[in-house]
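Residue numbers begin at 1 in each chain, while the letters A, B, ... track the order of the sequences.
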Protein chains: 2
Amino acid sequence: MHEMNIGQAASQSGVNAKMIRHYEAIGLIKPAKRTGSGYRIYNDIDVHTMRFVKQARNLGFSIGQIKALLGLWQNQRRSSRKVKELALSHIQELDERIREMQEIKHTLAHLVHHCHGDDRPDCPILDSLAQAHAGKQTGIPKKNSKRNLTHYTRRIG
Amino acid sequence: MHEMNIGQAASQSGVNAKMIRHYEAIGLIKPAKRTGSGYRIYNDIDVHTMRFVKQARNLGFSIGQIKALLGLWQNQRRSSRKVKELALSHIQELDERIREMQEIKHTLAHLVHHCHGDDRPDCPILDSLAQAHAGKQTGIPKKNSKRNLTHYTRRIG
DNA sequence: CTTGACCTTCCCATGATGGGAAGGTCTAGA
DNA sequence: TCTAGACCTTCCCATCATGGGAAGGTCAAG
């Protein structure tokens, strides 16, 4: 069983030392054993765990999700159903975000398409941003609000 | 010229009061005039500016980009070229992120496809995360490093 | 013994947003 | 005129994952 300092564990796992300490601090990985002088010591199993974490991060799982995945990984009596559910839910999140970004992208592409992009100031992109449809002045009053939408005149100074 | 407090400006612009103060603090919008008692006062032009910011945020522009867009918007001698460049660069960022997320999504979808998702523990998703190809132990030494990859034995405790 | 690579903890920063406390201001209504 | 309560102020803290950097201790090699 190869024992090593945090730097080597970092090199071998792909998780840098700063993050290893952080993951320990937030409870994602177990507190490392220490030498008499306080240095953290890791073994190959620890490195394997860190690689798992790294891989999961690379796939965009959040720390919370990784905590769950680690639990399942280390649980011999897990059901693959749980794992699949986690992964599917992550895929759904990704889908949602991809969809939003594509929508934005298409809107922008449309605007860009209509912008001359020359020395003149006229620009449909700015015009679109300046359009007035962002307000909430719909006339629907907020609950428990007497003054919020009232147009009282004010004495300044 | 309709003058109003921050709450009404928030309602009319869609940017909440907290964020209006924040935008002022970071220099995105001008410091508001104040009443004698310190209340911020806004007019319709300010609200228009806030809506512009809101719209740009809705399109995913960063605060920095919005600062630039606001400058262009308020500059009569702007060239639409600059605006188009900004928008195109944002589109590129979006594309990049979308591409990354789709890659992740496809990887995950592939893994999910091969996972039974039943009561048994066997799970290709976990197997994949646990795969060892995340390390940096390629034998390529770091610059200025004498000890980083040396396998010195250690006295523990 | 010195060098310097490595380790420790602690604080701070990012970007955009928000919660909440403590306290002051304003207007409507009794 | 007083009071209720909606509204405003500033200040601090939290999120999420990551990292920079300071101050100081440890270790192995020369």
Side-chain angles (χ1 to χ4, degrees), chain A residues 3-11 14-29 31-42 53-54 56-67 93 97 141-157, chain B residues 3-11 14-29 31-42 53-54 56-67 93 97 141-157:
Chain A
E3 296 199 309
M4 66 197 98
N5 283 340
I6 199 170
Q8 204 181 352
S11 284
V15 179
N16 73 37
K18 204 95 184 182
M19 291 312 297
I20 293 175
R21 295 193 195 96
H22 178 62
Y23 289 158
E24 177 183 311
I26 63 175
L28 182 61
I29 61 180
K33 283 184 301 184
R34 304 288 188 123
T35 67
S37 58
Y39 281 24
R40 287 174 179 81
I41 38 182
Y42 298 98
V53 172
K54 179 72 175 179
R57 284 295 302 143
N58 285 345
L59 289 181
F61 284 101
S62 71
I63 299 294
Q65 289 171 320
I66 296 175
K67 215 172 281 196
E93 294 165 22
R97 285 199 282 156
K142 281 205 235 168
K143 284 181 208 165
N144 302 326
S145 172
K146 282 183 194 167
R147 289 174 57 210
N148 187 41
L149 295 176
T150 63
H151 43 82
Y152 57 97
T153 47
R154 117 154 358 273
R155 161 186 50 84
I156 299 169
Chain B
E3 296 201 311
M4 66 197 97
N5 283 341
I6 198 170
Q8 204 181 352
S11 284
V15 180
N16 74 37
K18 205 94 185 185
M19 291 312 297
I20 294 176
R21 293 191 196 99
H22 178 63
Y23 289 158
E24 178 182 310
I26 64 176
L28 182 62
I29 61 179
K33 284 183 299 184
R34 304 288 188 121
T35 66
S37 57
Y39 281 23
R40 287 174 180 80
I41 38 182
Y42 299 98
V53 172
K54 179 71 176 181
R57 284 295 303 144
N58 285 346
L59 289 181
F61 285 100
S62 71
I63 299 295
Q65 289 171 319
I66 296 174
K67 216 172 280 196
E93 294 164 22
R97 286 199 280 155
K142 280 206 237 168
K143 285 181 207 165
N144 302 325
S145 173
K146 282 185 197 167
R147 288 174 56 212
N148 187 42
L149 294 178
T150 62
H151 45 83
Y152 58 95
T153 46
R154 121 154 354 272
R155 162 184 50 84
I156 300 170

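The closest donor-acceptor contact from the side chain of N16(A) to the backbone of K18(A) lies under 3.5 Å.
Contacts of F61(A) with the nucleic acid, taken as non-hydrogen atoms under 4.0 Å apart, are absent.
Here the straight-line distance linking atom CD1 of I66(B) with atom CG of L28(B) works out to 6.5 Å at 0.5 Å rounding. Taken from CG in L59(A) to CD in Q65(A), the straight-line distance is 11.0 Å, to the nearest 0.5 Å. A distance of 9.5 Å separates CD1 in I29(A) from CE in M19(A), rounded to the nearest 0.5 Å.
I6(B) places its CD1 atom 19 Å from the P atom of dA6(D), with the value rounded to the nearest Å. Between the CE atom of M4(A) and the P atom of dC27(D) there is a distance of 18 Å, rounded to whole Å. Between Q8(A) atom CD and dT26(D) atom P there is a gap of 21 Å when expressed in whole angstrom units. The CD1 atom of I20(B) sits 16 Å away from the C1' atom of dT10(D) (whole-angstrom rounding). Atom pair M19(A):CE and dT8(C):P shows a separation of 15 Å (rounding to whole Å applied). Spacing between atom CZ of R34(A) and atom P of dG25(D) amounts to 17 Å, rounded to whole angstrom units. Going from atom NZ of K33(A) over to atom C1' of dC7(C) covers 18 Å, rounded to whole Å. The separation between H22(B) atom NE2 and dG18(C) atom P is 10 Å, rounded to whole Å.
A sub-4.0 Å separation between OP1 or OP2 of dT8(C) and a side-chain N or O of R40(A) is present. Under 4.0 angstrom from either OP1 or OP2 of dT18(D) there lies at least one side-chain N or O belonging to Y23(A). Note on R57(A): every side-chain N or O is 4.0 Å or more away from OP1 and OP2 of dC16(D). In this structure, N16(A) reaches the dG19(D) phosphate: one of its side-chain N or O atoms is under 4.0 Å from OP1 or OP2. Contact between the side-chain N/O atoms of R21(A) and the OP1/OP2 oxygens of dA17(D) is not found at any separation under 4.0 Å. Considering only side-chain N and O atoms, S37(A) lies under 4.0 angstrom from the phosphate OP1 or OP2 of dC27(D).
For R40(B), the side chain to side chain contact (heavy atoms under 4.5 Å, CB included) test picks out I6(B), R21(B), E24(B), A32(B), R34(B), Y42(B), with sequence neighbours left out. Applying the ring-ring contact (aromatic ring centres under 6.0 Å, His included) test to F61(B) and every residue at least two apart in sequence or in another chain returns H90(B).
When the C1' atoms of four end pairs are superposed on the next four at each end of the helix from dC1(C)-dG30(D) to dA30(C)-dT1(D), using five pairs per end, the two resulting axes differ in direction by 30°, to 10°.
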Enumerate all atom pairs, one protein N or O and one N or O from nucleotides 20-22 of chain C, separated by less than 3.5 Å.
unit_1: dG20(C); atom_1: O6; unit_2: K18(B); atom_2: NZ; d: 2.3

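The heavy-atom pair separating A10(A) from A17(A) by the smallest distance is CB-N, 3.7 Å.
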